[in-house]
Protein chains: 2
Amino acid sequence: MHMPVKPAFNPLYQQVKESLLRRIAAGEWAPGSFLPSEPVLAEEYGVSHGTLRKALNELTAERRVVRYQGKGTAVATFDADEALFRFFRIVSCEDRRTLPISEVLGAAPGKATPEEAAALDIPLGAPVLRIERVRSLDGVPLLNERITLSCARMPGIEAIPVGALPNTLYDFFQKRFNVTIAKADESITAVAADKIDAERLVVPVGHPLLAIRRVAMDIEENPVELRHTRCVTANFHYRTKLS
Amino acid sequence: MHMPVKPAFNPLYQQVKESLLRRIAAGEWAPGSFLPSEPVLAEEYGVSHGTLRKALNELTAERRVVRYQGKGTAVATFDADEALFRFFRIVSCEDRRTLPISEVLGAAPGKATPEEAAALDIPLGAPVLRIERVRSLDGVPLLNERITLSCARMPGIEAIPVGALPNTLYDFFQKRFNVTIAKADESITAVAADKIDAERLVVPVGHPLLAIRRVAMDIEENPVELRHTRCVTANFHYRTKLS
DNA sequence: AAGTGGTCTAGACCACCTT
DNA sequence: AGGTGGTCTAGACCACTTT
């Protein structure tokens, strides 16, 4: 046998970071509330100011935590506008960002299809909640969405009445289930509007639409949500910055 | 008059970072070559190890520089596959990433249109080079591209013979003109194929296509390239990670 | 004034690569 | 062995917010 190539050298600040991450994920400090101060945490972990700082710096870079000079360090939330728009990439031609208004057409429990099971990493036939909704910008229906959520990850969500589903879901996931959406993968194609798209988005059948398939993940990179969106791009477009 | 709200407090490490950035942009160290070692640079700037390190850390995070433990710190290049794919988001349905093969249909000098002038931040009518090309993946024509470059930013590029335009332009920009593409903004819409799209991409007129409009920028955020792409998304899609 | 995060230093030691 | 980047410490001082 070979010796391991990476002999598990784990810097101190990494260990501290991982510990803090676990404690945040466990809910020891709620989103929005403040962590103990740096001197206190350093004392608690028995490390120097600098080492603790390096751990917090990485958590800041990963947006798990927000620091306020003179005040303290808080667990990140979706409250801020910045966070709300992080996963919403549709902007007007003039680059105005407007939060769309959702009209929920229906929400129904079901059993995971092969695609849903694969995307959400759950067994075939596992319980899911499917939401259909149309989102409008400036009063114009633009987005036709089908959202699939794993009930296992958010127990009780299938019992939420349709009317109680809020406009901003990710904010709701965090407050209600302590599920923080941290990443999402999107793949985009161009398709022709089918009959349902045409009705809901008020365009002719065959009209070109953006088809966006999103898998959203929590902090630990567990997939939480599968979302299919059909989008009219007459006066709006999908905007992304590469770097 | 009010006093300035931000009294220009500039940390030392920021000043060092900006200085290093200027020296890299000026070409003092070519892409791929090594900077002086950390102790030497610290001595040169009259700062401590830690402060110099913080400056280099930020440059590393911004991918301006690559560090190799035990060897040194080098100016970043586009050589690495990772860098080449950073701005290429079209992948197959199975998530294979293949570099497309370009067929240049033509390259011609011209005068900037209003859209080009606005995007590239140059005067209306300023000299530009326009390139038309079709890119194929796995032998199938997928991308119909029109690229506009400002001649002022890359003097002499209008004289490059069409046959000498390489497959990977950004790599070429860096090696030939010391222009490093650092960022790009893309906006995406869905459109119906026009006659030219249909011919070049071998699809029926009216077929839904992705229309991608990219403005690529160098290190100093000066826009360098405007690119319009029409893309068939039958077996491929545009992939992006949100975080 | 006291507490928080942010910067900076000087020095020790560790991990990795080259010779 | 000697040089490079990477980690860690202890302590000083600065900037910001609150009391």
Check: At under 4.0 Å, does any side-chain N or O of Arg67(B) touch on OP1 or OP2 of dG6(D)?
Finding: yes

Check: Rounded to the nearest 0.5 Å, how far does OG1 of Thr240(B) lie from CG of Leu242(A)?
Finding: 7.0 Å

Notebook entry, point to check: Which of the following nucleotides, dT7(C), dA15(D), dC8(C), is nearest to the side chain of His49(A)?
Noted result: dT7(C)

Checklist line | Short side-chain N/O contact from Ser37(B) to OP1 or OP2 of dG3(D), under 4.0 Å | finding: no

Notebook entry, point to check: Among dC8(C), dA15(C), dG6(C), which nucleotide sits nearest the side chain of Tyr13(B)?
Noted result: dC8(C)

Notebook entry, point to check: OP1 or OP2 of dG11(D) sitting under 4.0 Å from any side-chain N/O of Ser48(A)?
Noted result: no

Item checked: Full working for side-chain contact (heavy atoms from CB on, under 4.5 Å) between Arg153(B) and Phe177(B) -> CA-CA 9 Å; Arg153(B) 189 71 186 79; Phe177(B) 300 101; over 6 Å; no

Check: Start at the 5' end of DNA chain D and walk down; is the nucleotide closest to Lys71(A) or to Gly46(A) reached first?
Finding: Gly46(A)

Margin query: Is there a side-chain contact between Tyr68(B) and the phosphate of dT4(D), meaning an N or O under 4.0 Å from OP1 or OP2?
Written below: no

Item checked: Whole angstrom value for the distance that separates P of dA10(D) from OH of Tyr45(A) -> 18 Å

Next item on the list: Can you tell me the distance, in whole Å, between the CG atom of Asn57(A) and the C1' atom of dG5(C)?
Entry: 10 Å

Check: What nucleotide, of dT4(C), dC8(D), dG6(D), holds the atom closest to the side chain of Glu38(B)?
Finding: dG6(D)

Next item on the list: On the 0 to 90° scale, with breaks at 30° and 60°, tag the Tyr170(A)-Phe87(A) ring pair as parallel, tilted or perpendicular.
Entry: perpendicular

Checklist line | Under 4.0 angstrom between Lys54(B) side-chain N/O and dT7(C) OP1 or OP2 | finding: yes

Margin query: Rounded to whole Å, please give me the gap between CG in Asn10(B) and C1' in dG6(C).
Written below: 14 Å

Check: Counting just side-chain N and O atoms, does Arg53(A) come under 4.0 Å of either OP1 or OP2 of dG5(C)?
Finding: no

Notebook entry, point to check: Hey, does the side chain of Thr51(A) come within less than 4.0 Å of dT9(D)'s phosphate (OP1/OP2), counting only N and O?
Noted result: yes

Notebook entry, point to check: If you look at every heavy atom in Ala55(A) and Tyr13(A), which pair is closest and at what distance?
Noted result: CB-O, 3.5 Å

